[in-house]
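These notes concern the structure reproduced below.
The first residue in the sequence is number 1, and the count goes up from there.
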Amino acid sequence: MSKNNSFHSLLSVFQDATSSSSHQRVESTLSTKRNGVVGDQNRIAEASSQNRSASSQRTPPHHHRPLPTDTSSSSSNSNAHKPIVEPTSTKDPSFSASLLKERIERILRIQQIRKSTTTTISNNGNNSSSSSVVAKKSFHVAICATIVDEFPHEALWKQWIKETGGEFIIDDDNKGRAAMTNSNNNVTDNNKRSEDGGGKCDGKAALGEVSFECESNGLIASAELYVHAKNPERIGSEWLRSKTLPITHKPNWNDVRIVRAMLSLLEASLRDERTTHVLFCTESCIPVATLKEVARSVLLDEVCHWEEEEEMGERRQEDGNCSSGKRRRLNWNRSYVDCYGRNSSRCTRFDEHNCWDILRDSIPGDAINKALPGWCFLSRKHAHLILNIPSQLGGLNLWPAFERVWAPEEVYFPTALSLCGHMDDEVSRRALTHSQWDERSSNQKDRAHPIIYDGFFGNELVSRVRRDGCLFLRKMKRPLDVSLWESIVVRHTRGQDSMGTTNREHELRRGEDREMS
């Protein structure tokens, strides 16, 4: 009898793995239960209504509209009577570690079968799933900030969103770079490129990638801010209040409710159909590249150095090559997570004890990953898949398994990406946010807080961060002079820093932080 049950179980797994309709439905739908917080949605909607009436009748931003309901979801009936999880709770009454692990193991088996069958089809030359040429025009990143109640770089982010985006062009030749607009937002003329065949497209994009017709390489870069505040009632800025979610999970430092807050931000950002990518950050993060440079670097997975020189009236990289040497094809599905697994040399005994050992009853060890820093950059596709995980798990939330994990946000999202099955093909192990820890500290808790760069912002710091492939910097706790930031990041002025000194190494200092790291 048990053998018969095992056979039917394996048969069921194989049928699910080879069913294209169910696979497409999982990857293309987004229901109101996909916050990663199944059962919270009614409560979130109620809080949204109450907050709007309590905030001087202000009009909620567009990203607070409810998500469309997925009426085709097979788990809708099973979740109808699930107990509501309070927004400020660290536990889910419906959570079962053993059941979660059983369902995750099933998902991993399905992924394994799909991967092997896809490889077989591809090797036989019958792969018909290659992406076609798609004329996508807009890069729109959602800046999802988790804060306490202060946002010291509000003016800087406003400037970045308003002034450093807009229209730009990506060259297709190996030595070209994005033709950025000047300070008056005049688009650089690019007609000469067509004379020598620049911008030609072979129309053969690899799976998960998007290329452009030669007339379609003009893009528009834009951004929007989304904020989750621990104490939203203390926010004084009207602009910041308009960007703040109408619900709070009240997270503490090193708290699983940070994950819940990030999931709520993720869900809110995807309500805007323009959103192509999502950046997670805190109040101490700032951009060290323009919005156009971010768009180019993300879509091409290239490192653009800060150092530039004027040549023939046009800006260009000093080494003449801003790319990583890969084929210059835009990929809209790529996420950026600098993560590692249990067998990596980066995995410490502290990681083993405080991450892997805690999760071993809930998640298979090979599927667990940790990211440093934990504030990752996701494509819209992967954000959808992460929010859809509870539906794949038959209505179970994933986040309760991380309640006792150290720095749970550093483990949750790379692990979720692993469960989605795209860790190997669509995730770059490059961090876009720079964070540095004091490795000389005597114990792990002293190393838990990243180094603070207040007073040391300058062209040397920005240059080093950019050379490392990062586009954002953490952490700066005090407000930064926007004109200084603009002169270095936007105009690439040399020899300036926030201490008025030039071209010297600064001693970095570490400090405690009141924000959630």
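H277 and H140 have their aromatic ring centers separated by at least 6.0 angstrom. Under the 6.0 Å cut-off for aromatic ring centres, H434 and Y453 qualify, their centroids lying closer than that.
Counted within 6.0 Å of NZ on K91, heavy atoms from surrounding residues, nucleotides or ligands total 12 or fewer; the atom is thus considered open. In R404, the CZ atom is not crowded: 12 or fewer heavy atoms of neighbouring residues, nucleotides or ligands sit closer than 6.0 Å.
Between K243 and E224, at least one side-chain N (NZ, or NE/NH1/NH2) sits under 4.0 Å from a carboxylate O, which counts as a salt bridge. Under the 4.0 Å criterion applied to side-chain N and carboxylate O atoms, R234 and E150 are not assigned as salt-bridge partners. Using a 4.0 Å cut-off between charged nitrogen and carboxylate oxygen, K381 and E426 count as a salt-bridge pair. In this structure, K230 does not pair ionically with D255, as no charged nitrogen and carboxylate oxygen lie closer than 4.0 Å.
To the nearest 0.5 angstrom, H422 atom NE2 is 9.0 Å from L417 atom CG. Atom OG of S435 and atom CD1 of I451 lie 10.0 Å apart (nearest 0.5 Å). Atom CE of M476 and atom OG of S284 lie 9.5 Å apart (nearest 0.5 Å). The distance from atom CD1 of I286 to atom OG1 of T433, rounded to the nearest 0.5 Å, is 11.0 Å. Rounded to the nearest 0.5 Å, atoms CG (L279) and SG (C376) are 8.5 Å apart. Distance check: T275 OG1 to L378 CG gives 12.0 Å after rounding to the nearest 0.5 Å.
A heavy-atom distance below 4.5 Å is not found between the side chains of F457 and D481. Side-chain atoms of I170 and L300, non-hydrogen and from C-beta on, do get closer than 4.5 Å to each other. Between T282 and I147, the closest side-chain pair of non-hydrogen atoms is not below 4.5 Å. Put simply, the side chain of L219 does not reach to within 4.5 Å of the side chain of I169, judged on heavy atoms. T415 is listed as a side-chain neighbour of F402, based on a closest heavy-atom distance under 4.5 Å. With contacts defined as side-chain heavy-atom distances shorter than 4.5 Å, the pair W399/V259 qualifies.
Side chains of E154 and S237: a donor on one and an acceptor on the other come within 3.5 Å. Side-chain contact check for R257 and T90: no donor-acceptor pair (N or O, by modelled atom type) lies under 3.5 Å. A donor atom on one side chain and an acceptor atom on the other are not found under 3.5 Å apart for S264 and E267.
Between A223 and W160, the shortest heavy-atom distance links the atoms CB-CZ3, 3.8 Å. Between P287 and L156, the closest heavy-atom pair is CD-CD2, 3.5 Å.
Under the 3.5 Å distance criterion, the side-chain polar atoms of S297 are left unmatched by any main-chain donor or acceptor of V294. The backbone N or O of P414 lies less than 3.5 Å from no partner atom in the side chain of S418, so there is not a single donor-acceptor pair. In terms of modelled atom types and a separation under 3.5 Å, the side chain of S89 and the main chain of V85 share no donor-acceptor contact. Within the 3.5 Å criterion, the main-chain N or O of V288 finds a donor-acceptor partner in the side chain of R466.
Aromatic ring pairs are classed by plane angle as parallel below 30°, tilted from 30° to 60° and perpendicular above 60°; the pair H228 and H249 is parallel. F377 and F139 have parallel rings, their planes meeting at less than 30° on a 0 to 90° scale where 60° marks the start of perpendicular.
Considering R430, R429, R296 in turn, R430 is the only one that fulfils the salt bridge (charged side-chain N to carboxylate O under 4.0 Å, His left out) rule with D301. Put simply, the residue from V490, V489, V482 that forms a side chain to side chain contact (heavy atoms under 4.5 Å, CB included) with Q159 is V482. For the ring-ring contact (aromatic ring centres under 6.0 Å, His included) with F280, the qualifying choice from Y412, F413, Y336, Y226 is F413, the only one to do so.
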task: Carefully, step by step, assess K370 and D338 under the rule salt bridge (Lys or Arg N to Asp or Glu O under 4.0 Å).
output: CA-CA 8 Å; K370 180 174 181 176; D338 184 16; over 6 Å; no
